[in-house]
Amino acid sequence: MNYLKMVKKANEMSKAYYAGNDIATDSEFDALVEEIKKYEKKHPDEIVKNSPTQKVGTDSTKGFKKKVHDVPMLSLNKCLNLNELEGWIDTTNSKTSSKSVYTLEYKMDGCGLSLIYKNGKLNEATTRGNGIKGDVVTENAKMIDTIPQKIPVKNDIEFRGEVIFPKKEYEKAISRGEDLKNCRSVASGALKLHNPK
């Protein structure tokens, strides 16, 4: 498959995924994006703007105030095997003057969220959006009981994380007959409700 066809196919997979109508598994999508990255590394002058390597997440949703992130909310790099992880660690360590400590965690597939606290009070919650600009969803974020409304910090501070819908809760909802596409779509959709209640 040539480069432009790979980009088109990856974009179709991504669009279907964000619409909750998966047409490929995560591993199939990741493998295709890896092929695109390999091609782009060899042919950087041919990279197209709509390549999945050139964007993050989805665009903003209508009906929400927009905010440009002070620091872009970019995707994390992926390592698909131990050799790639060791290479990444070596590269990272070569850029720092001190020895680094790493932790591993399971990948959480949800919706990226930035929380800004001012004087210890939740002031603003913004989705990742396209990585540069997201939707301000403060009132919806306040409905999530694990997001504190106040924290014991006097300075202004930003936290970034992932809003997830646990698989166990998803399975309960499906058993009740609810028509839900996948956990990620539920998490994202809950943040984008126009009525937070």
Side-chain angles (χ1 to χ4, degrees), residues 1-62 64 66-96 100 102-114 125-137 158-165 181-189 191-192:
M1 187 182 315
N2 75 31
Y3 171 66
L4 292 178
K5 283 184 179 175
M6 288 192 296
V7 168
K8 182 180 178 186
K9 186 173 176 96
N11 286 335
E12 287 169 357
M13 289 176 173
S14 181
K15 184 177 179 182
Y17 171 79
Y18 283 107
N21 301 313
D22 294 345
I23 58 173
T25 65
D26 287 351
S27 57
E28 289 170 333
F29 177 76
D30 290 344
L32 181 58
V33 171
E34 284 306 310
E35 286 302 311
I36 292 169
K37 284 180 184 176
K38 286 177 189 173
Y39 184 90
E40 290 176 348
K41 191 171 184 180
K42 290 180 184 174
H43 308 278
D45 54 318
E46 295 181 33
I47 297 173
V48 292
K49 286 182 182 178
N50 69 332
S51 169
T53 66
Q54 304 302 301
K55 56 188 173 183
V56 176
T58 60
D59 293 331
S60 298
T61 304
K62 290 179 183 174
F64 287 92
K66 311 304 176 208
K67 181 190 175 201
V68 174
H69 298 293
D70 292 335
V71 175
M73 285 185 77
L74 304 176
S75 287
L76 300 175
N77 287 336
K78 292 181 183 175
C79 294
L80 301 177
N81 57 52
L82 194 54
N83 288 339
E84 288 182 13
L85 178 61
E86 289 170 347
W88 179 83
I89 289 171
D90 290 343
T91 302
T92 303
N93 283 342
S94 70
K95 294 177 182 177
T96 61
S100 300
Y102 301 95
T103 61
L104 297 176
E105 63 183 37
Y106 288 105
K107 180 184 184 297
M108 302 281 184
D109 193 18
C111 185
L113 191 68
S114 159
T126 308
T127 64
R128 176 184 291 146
N130 65 6
I132 304 300
K133 177 174 64 175
D135 295 324
V136 178
V137 292
E158 178 182 11
F159 293 94
R160 290 180 171 187
E162 200 84 1
V163 174
I164 62 165
F165 189 69
K181 300 294 181 189
N182 57 50
C183 293
R184 191 229 165 258
S185 294
V186 176
S188 178
L191 285 175
K192 301 293 184 82

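Computed from a predicted model, the values in this text were never measured in an experiment.
A salt bridge is absent between Lys9 and Glu12: the closest approach of a Lys/Arg side-chain nitrogen to an acidic carboxylate oxygen does not fall below 4.0 angstrom. Lys37 and Glu40 are not joined by a salt bridge, as no carboxylate oxygen comes within less than 4.0 angstrom of a charged side-chain nitrogen.
Side-chain atoms of Ser14 do not come within 3.5 Å of backbone N or O of Ala10 as any donor-acceptor pair.
In this structure, the side chains of Ile89 and Glu86 stay at 4.5 Å or more apart for every pair of heavy atoms. Residues Arg128 and Glu162 meet the side-chain proximity criterion, which asks for heavy atoms closer than 4.5 Å. At least one side-chain heavy atom of Tyr3 sits under 4.5 Å from a side-chain heavy atom of Ile36. Looking only at side-chain heavy atoms (C-beta outward), Cys183 and Val186 stay at 4.5 Å or farther from each other. Within the 4.5 Å cutoff, the side chain of Val137 has heavy atoms near those of the Leu113 side chain.
Atom CD of Glu158 sits about 8.0 Å away from atom NE2 of His69, to the nearest 0.5 Å. How far CZ of Phe29 is from CD1 of Ile23: 10.0 Å, rounded to the nearest 0.5 Å. Expressed to the nearest 0.5 Å, how far CD1 of Ile164 lies from OG of Ser188 amounts to 14.0 Å. Separation of atoms OG1 (Thr126) and CE (Met73) is listed at 8.5 Å; rounding is to 0.5 Å. We find the OG1-OH distance between Thr53 and Tyr39 to be 12.5 Å, quoted to the nearest 0.5 Å. Rounded to the nearest 0.5 angstrom, Lys67 NZ and Lys133 NZ are separated by 13.5 Å.
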**OP:** Evaluate the criterion side-chain contact (heavy atoms from CB on, under 4.5 Å) for residue pair Lys66 and Asp135; output intermediate values, then yes/no.
**Re:** CA-CA 5 Å; Lys66 311 304 176 208; Asp135 295 324; 3.0 Å; yes
Original post:
Would Glu35 and Lys38 satisfy side-chain contact (heavy atoms from CB on, under 4.5 Å), going step by step from the backbone distance to the final call?
Top reply: CA-CA 5 Å; Glu35 286 302 311; Lys38 286 177 189 173; 3.7 Å; yes
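Heavy-atom minimum distance, Ala24 versus Met13: CB-CE, 3.7 Å. Looking at every heavy atom in both residues, Thr127 comes nearest to Lys192 through CG2-CE, 3.8 Å.
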